Amino acid sequence: MSRRPIPLAGGTAMLGALVAALTLATAAIAAAPPIGNGAGGAALTRIASFEEPVYTAFAPGRANRKRLFVVEREGVVRVVSGGRVLRRPFLDISDSVESGFAEQGLLSIAFDPGYVGNRRFYAYYTAGDGAITVARFKRRKGALRADPGSGRTVISVPHSAAPNHNGGQVGFGPDGHMWLGTGDGGDSCDPQGNALDTGSLLGKLLRIDPRPGGGYTVPADNPFVGRAGADEIYSYGLRNPFRFSFDGERIAIGDVGQNAWEEVDYTTLAAARGANFGWDAFEGFAPEPCGTEPIAATTLPIHAYPHESGSPGTFTGCSIIGGPVVRDRRLPTLYGRYLYSDFCAGGLRSLVPAAGGAAGDRDLGPRVAKISSITAGRRGRVYLTSLLGELYRLDPREAPGVARTDGRRGGGLRARRVGSFDRPVYVTAPRGPNRLLYVVEQGGVIKTIRRNGGGTRKFLDIHGRVSDDGERGMLSVAFPRDYRSSRRFYVYYTDDRGDIVVAEFRRSKRDPRKASKRSRRKVIRIPHRMAPNHNGGQLQFGPDGYLYIGTGDGGGGGDPRENAQSRTSLLGKLLRIDPRGKGGYSVPRSNPFVGRAGRDEIYASGLRNPYRFSFDRRKRRLAIGDVGQDRWEEIDLLGLKAARGANFGWDAFEGFERFRSSDASPVPPGKVTRPVAVLGHSDGNCAITGGYVYRGRTAPKLRGRYVYADFCRGRIRSLAPGDPDRDRPIGLPRFSKISSFGEDARGNLYFADLDGGVYEIVGGRR
């Protein structure tokens, strides 16, 4: 999937390239207006807030009449009961779900028709290898919680070519069978020809029967049973049927288009048996968008709408979100109409499915941005989720121009000052039982302070070894998992020659708030004498227990020695080593260049100045804030496995663009890992301060979001890792020189201002 620059800072409301769920289309739109009551006698009622909600479902049984189950993309299912969100999740399988790309994640759930007795339900998600997976889980007996360990795979469909077009819907039809909508495998124009290949399960509507212990059987009346083709297929020729719904013996499918058309397919289940919906010979009603020969027996959509209409460049849509046919008798003017939305255009529309075509299509008026699902619950009640975090219900209109709200909205965030220091550049804490924060001062001192405030104490002072002019200094400290027993920790600093040094020290046996500078053991020294800038600065122990080191490219402008692209240089890299207890280090055998041409210590290359990087505590995911040069600051976010051997492109690229310099490196061979987002210097940015994916407790409003800032702009922002277009300020005032973020032992988030303050981010109810 190609991506163009996405402006993250400043006042723009434009979508750069659609780095968002469900589509390859690109377009620019103005922000959706506030929610209000529109045509059709309906209004939207805001129910609650969640983290990237993508689907809602209801369970059979009297006990579940007032319960709504809400799916969060990262892998969590929550329950709204009696209008309030229960604190404890119903299911958390985030460790099994791959949600690193916007179209991946836990995408839907469905309850077994016999759920009251067998307590079984099913989850549709993308696994770590990208495979589309449906797994069976069981609710615990006597509790409103499911056991993640009860998971049994029903079906796994390989999907490794691209991270998009994963489909997303699992449901039980009126016939009692399980139905699944799978995408065509991703990328543009279905390059593997999956949708029209009846031997592939991708780009299809599948129909199976799950077995109680896992696996499945195939209904005998599926159209390809006993014929050439996969038995599981019910319909084919679909691009990305992200959402479909049943209306009695009929099915409605919102099939996501490519460059020109989004489509609605609506037909009886009998007519859908063996039906070919035409992709990629047709897009909407238009033939041959990808050069595939049209096929005669094609079921055309009842309705299609374009990505552009009217004058050239006028935006209409990019990615359909299919919904249900309304059967809520409280909404008589909408009863029997099919509801749908578009992820980019926002809002809610309806048409008469029996009539089809644009003639029956109309805008209902209520405006919601980035709708991710429209579903029908008990008594036909219609619910909407927005990837921006909100859950809504469609209710009868009561008064013009008023959007109603159930429950409380989240409160604001604030920065709580925990102490004052001399040029603080980093704040952290060891994992495990620990009430201390460790603050690194650029001049060569580490101090401790209790999390809830209190007097500071000097932990380590090596200022005589440290050169601290400009970007140099003591820049970070890292504690291994066994810190409590080994007492060892590691410091990153620049010495009096400008070289990067990582050294080991030991904490005192007698005093946990004191370390001995005489215990120093050199781990690694990296020559860095050409220029005083681009020193990197970060040490972190990864989830694999190894020590990761982020080094700058050596300084100067445009990486004049081409260090970042050189496999023989340790500059402009992410290094991965195993420090030994008596100094020195070894190299993990799984490093990408062990046994190959290149320095064994290198884990990833092509970085300019990865001053701050971090690991997501909940997922094996790496986030890098790489400082740019003249035009772009960048955020790199990817799984730890994907980062192995990755080339982030500097100095062939700056951000998404080719670097504009006469001595820029040529485009390197192999794949270049592009950033998930960039910040333009034209918006006042100059040097990104990378942060963390928030996993703490004191600011639940930020949970699951990547928090970062820019040193010059001074505004703290956050984005959803799977959807970097969802970038926004977190609501704190500007600070003058944000030098770093850091976590305490519990994952709560702090930041340091080079002028002296260290703050904790707190507040913001979800």
Side-chain angles (χ1 to χ4, degrees), residues 2-17 19 26 28 425 470-471 531-538 550 552-560 563-565 572 606-613 623-637 648-665 672-691 706-719 724-730 732-741 751 753-755:
S2 61
R3 300 181 181 182
R4 292 200 306 248
I6 301 171
L8 294 181
T12 179
M14 304 295 287
L15 288 173
V19 187
T26 61
V425 291
E471 295 180 18
N533 58 344
H534 305 184
N535 303 286
Q538 184 78 59
D553 66 5
D559 190 10
N563 289 317
Q565 289 298 324
L607 293 161
R608 185 176 181 272
N609 193 25
Y611 171 64
R612 291 291 175 244
F613 66 86
I624 305 173
D626 194 17
V627 179
Q629 182 157 305
D630 299 322
R631 292 172 57 81
W632 300 105
E633 305 298 305
E634 75 174 58
I635 296 171
D636 301 296
L637 180 66
F648 293 100
W650 174 256
D651 69 336
F653 292 90
E654 183 184 11
F656 296 100
E657 297 181 348
R658 286 284 281 125
F659 178 52
R660 300 179 181 181
S661 174
S662 58
D663 66 345
S665 295
V672 173
T673 300
R674 302 296 183 90
V676 297
V678 296
L679 296 80
H681 286 194
S682 61
D683 292 320
N685 302 293
C686 75
I688 189 171
T689 303
Y706 177 69
V707 181
Y708 71 97
D710 183 89
F711 186 79
C712 291
R713 191 169 175 83
R715 181 77 75 188
I716 299 176
R717 305 182 69 89
S718 74
L719 58 82
D725 182 52
R726 284 186 54 205
D727 170 84
R728 61 183 182 234
I730 69 171
L732 295 180
R734 289 186 178 182
F735 289 79
S736 58
K737 299 173 183 176
I738 296 175
S739 56
S740 186
F741 292 88
F751 65 93
D753 188 306
L754 200 61
D755 285 343

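What you see is a predicted model, and the numbers here were worked out from it, not measured in a lab.
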Just how far is it from atom [atom1] of [X] to atom [atom2] of [Y], taken to the nearest 0.5 Å?
X: R728; Y: L719; atom1: CZ; atom2: CG; value: 10.0 Å
X: D553; Y: Q565; atom1: CG; atom2: CD; value: 11.0 Å
X: I738; Y: D755; atom1: CD1; atom2: CG; value: 11.0 Å
X: R608; Y: D651; atom1: CZ; atom2: CG; value: 9.5 Å
X: T689; Y: D710; atom1: OG1; atom2: CG; value: 6.5 Å
X: D559; Y: S661; atom1: CG; atom2: OG; value: 10.0 Å

Can you sort out the partners of [X] under side-chain contact (heavy atoms from CB on, under 4.5 Å), two or more places apart, ordered by chain and number?
X: S740; value: Y426, R612
X: S682; value: none
X: T673; value: L638, A646, F648

Test your reading of the model: is there a side-chain donor-acceptor pair from [X] to the backbone of [Y], 3.5 Å cut-off?
X: E654; Y: Q629; answer: yes
X: R715; Y: P729; answer: no
X: Y708; Y: R717; answer: no
X: H534; Y: N609; answer: no
X: N563; Y: G554; answer: no
X: R631; Y: G680; answer: no
X: D753; Y: S736; answer: yes

- Task: Return the orientation label for the F735 and F751 ring planes: parallel under 30°, perpendicular over 60°, tilted otherwise.
- Result: perpendicular
- Message: Checking R660 now: which residues fulfil salt bridge (Lys or Arg N to Asp or Glu O under 4.0 Å) with it, not counting sequence neighbours?
- Response: E657
- Query: For F653, what residues pass the ring pair (Phe, Tyr, Trp, His ring centres under 6.0 Å) criterion, not counting sequence neighbours?
  - Reply: none
- Query: With Y611, which residues qualify under ring pair (Phe, Tyr, Trp, His ring centres under 6.0 Å), at least two apart?
  - Reply: none
Of the non-hydrogen atoms in [X] and [Y], which two are nearest, and what is the gap between them?
X: P560; Y: G555; answer: CD-O, 3.7 Å
X: G556; Y: A531; answer: N-CB, 3.5 Å
X: R713; Y: N685; answer: CD-OD1, 3.3 Å
X: F741; Y: G691; answer: CD1-CA, 3.8 Å
X: G558; Y: D663; answer: O-OD2, 4.2 Å

- Query: Below 4.5 Å, heavy atoms only, C-beta onward: do E634 and I688 meet side chain to side chain?
  - Reply: no
- F613 versus D636: any side-chain heavy-atom pair under 4.5 Å? no
- Message: Can you see whether W650 engages D626 through a side-chain donor-acceptor pair at a distance of less than 3.5 angstrom?
- Response: no
